Amino acid sequence: MDPFARAISYLRVSVTDRCDFRCTYCMAEHMTFLPKAELLTLEELDRLCSAFVRMGVQKLRVTGGEPLVRRGIMTFFRAMSRHLETGALKELTLTTNGSQLARHADELAACGVRRVNVSLDTLDAERFAKVTRWGRLPQVLDGLRAARAAGLRVKINTVALRGFNEDELFRLVDWCGAEGHDLTFIEVMPMGEMGEDTRLDQYWPLTELRARLAERFSLIELSERTGGPARYVRLAETGQKIGFITPLTHNFCESCNRVRLTCTGELFMCLGQEDRADLRAPLRRTAEDGPLEQAIREAIARKPKGHDFDYSRKTVAGQMSRHMSHTGG
Ligand code: SAM
């Protein structure tokens, strides 16, 4: 519980800074990744996440970088599944680019994962290669088929990019409808390696996207909240649920139930602020969990009431590309 009586029940954990894609709005093509010693080991991730679960976290979302490129990551999912079995953890899930899903979908399902968020900005193979630089669309579509065959529910996360996928709005909606996937649009944030001109050019406000959607569908506002920066509507004509994530809007801070852990063990208490707590030090200092739990308590006590974000800043709290995980509701 934080000082504003919000129960912190949702932990998003980045398990790696590496990725097999290089989405232009997210990463530079030639990234320098962290030395291995900086990263939490799988055992350390287990210890840390288990401490959070013990202290009240009920929902764990695994992200990255690309979580499924971390070697041995299934060991971590298996370890977390024990908390599902005891009932302490209610949901174990991940956000992925889908490239490795074909290999892992069955095992994820066996570990108790029920839903996955898959990031996909376009259904056009050429555009896909362009925006992800290293990604290939057929591989992701294979992954999606595997996910469905394994019984996983899929939510597609699409970053709204002006002049890039604007003309695919209805195609994406129709495709998700046909495939049975939920769909959420994310407003692009100013990060990654785009020139400033491109960056501004690519900003496609979700208010505008939504208005476009309303030209073809009747949107029924849903009151449901995930505690995160997402709003949902239902399309009356098809029954589909569509989400809108405007991560930098601070309108839901009062119901914010989440914190984020980087792959180096830094805990960020708010998406829009720099304040963080080093949990790796107490984790490595001793095998006892007491100091770690104390550090978690102290960190949660510093969770701010809310944030304002100045869109003209060049980076989002300087931390997004290290552990981006706002998405997916
Ligand atoms: N690799 C995984 C994936 O592709 O979903 C997890 C990490 S990825 C950084 C998480 C999400 O952040 C993806 O949906 C991605 O599109 C989104 N993202 C990355 N950079 C963004 C930006 N500048 N603005 C908005 N969303 C962004």
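Start at 1 and go down the list; that is how both ligands and their atoms are numbered. Here the structure is a predicted model, which means the values were calculated and not measured. Positions are given from 1, in the same order as the sequence printed here.
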> Could you give all pairs that pass the salt bridge (charged side-chain N to carboxylate O under 4.0 Å, His left out) test and reach residues 104-114, with sequence neighbours left out?
Replying inline: Arg78-Glu107
[X] bridged to [Y] by N-O distance under 4.0 Å:
X: Arg216; Y: Asp174; answer: yes
X: Arg210; Y: Glu208; answer: no
X: Arg234; Y: Glu221; answer: no

> Roughly how far apart are Arg276 CZ and Cys270 SG, rounded to 0.5 Å?
Replying inline: 12.5 Å
> ligand 1 versus Asn117, non-hydrogen atoms closer than 4.0 Å: side chain, backbone, both, neither?
Replying inline: neither
>> Is the contact between Thr95 and ligand 1 made by the side chain, the backbone, both, or neither, using heavy atoms and a 4.0 Å cut-off?
In response: both
Counting only nitrogen or oxygen atoms and a 3.5 angstrom limit, does [X] reach ligand 1?
X: Gly64; result: no
X: Thr63; result: no
X: Asp121; result: no
X: Met189; result: yes
X: Asn157; result: no

Taking 4.0 angstrom as the limit and counting only heavy atoms of [X], give me the atoms of ligand 1 inside it, by number and element.
X: Val159; answer: 16 (O), 26 (N)
X: Val188; answer: 24 (N), 25 (C)
X: Glu187; answer: 25 (C)

> Any side-chain donor-acceptor pair under 3.5 Å between Gln240 and Asp182?
Replying inline: no
>> Whether the Ser119 and Asn97 side chains hold a donor-acceptor pair (N or O, under 3.5 Å, no angle test) is what I'd like checked.
In response: no
> Under a heavy-atom criterion of less than 4.0 Å, does Gly65 contact ligand 1?
Replying inline: yes
> Which pairs with one or both residues in residues 82-124 pass ring-ring contact (aromatic ring centres under 6.0 Å, His included), sequence neighbours excluded?
Replying inline: none
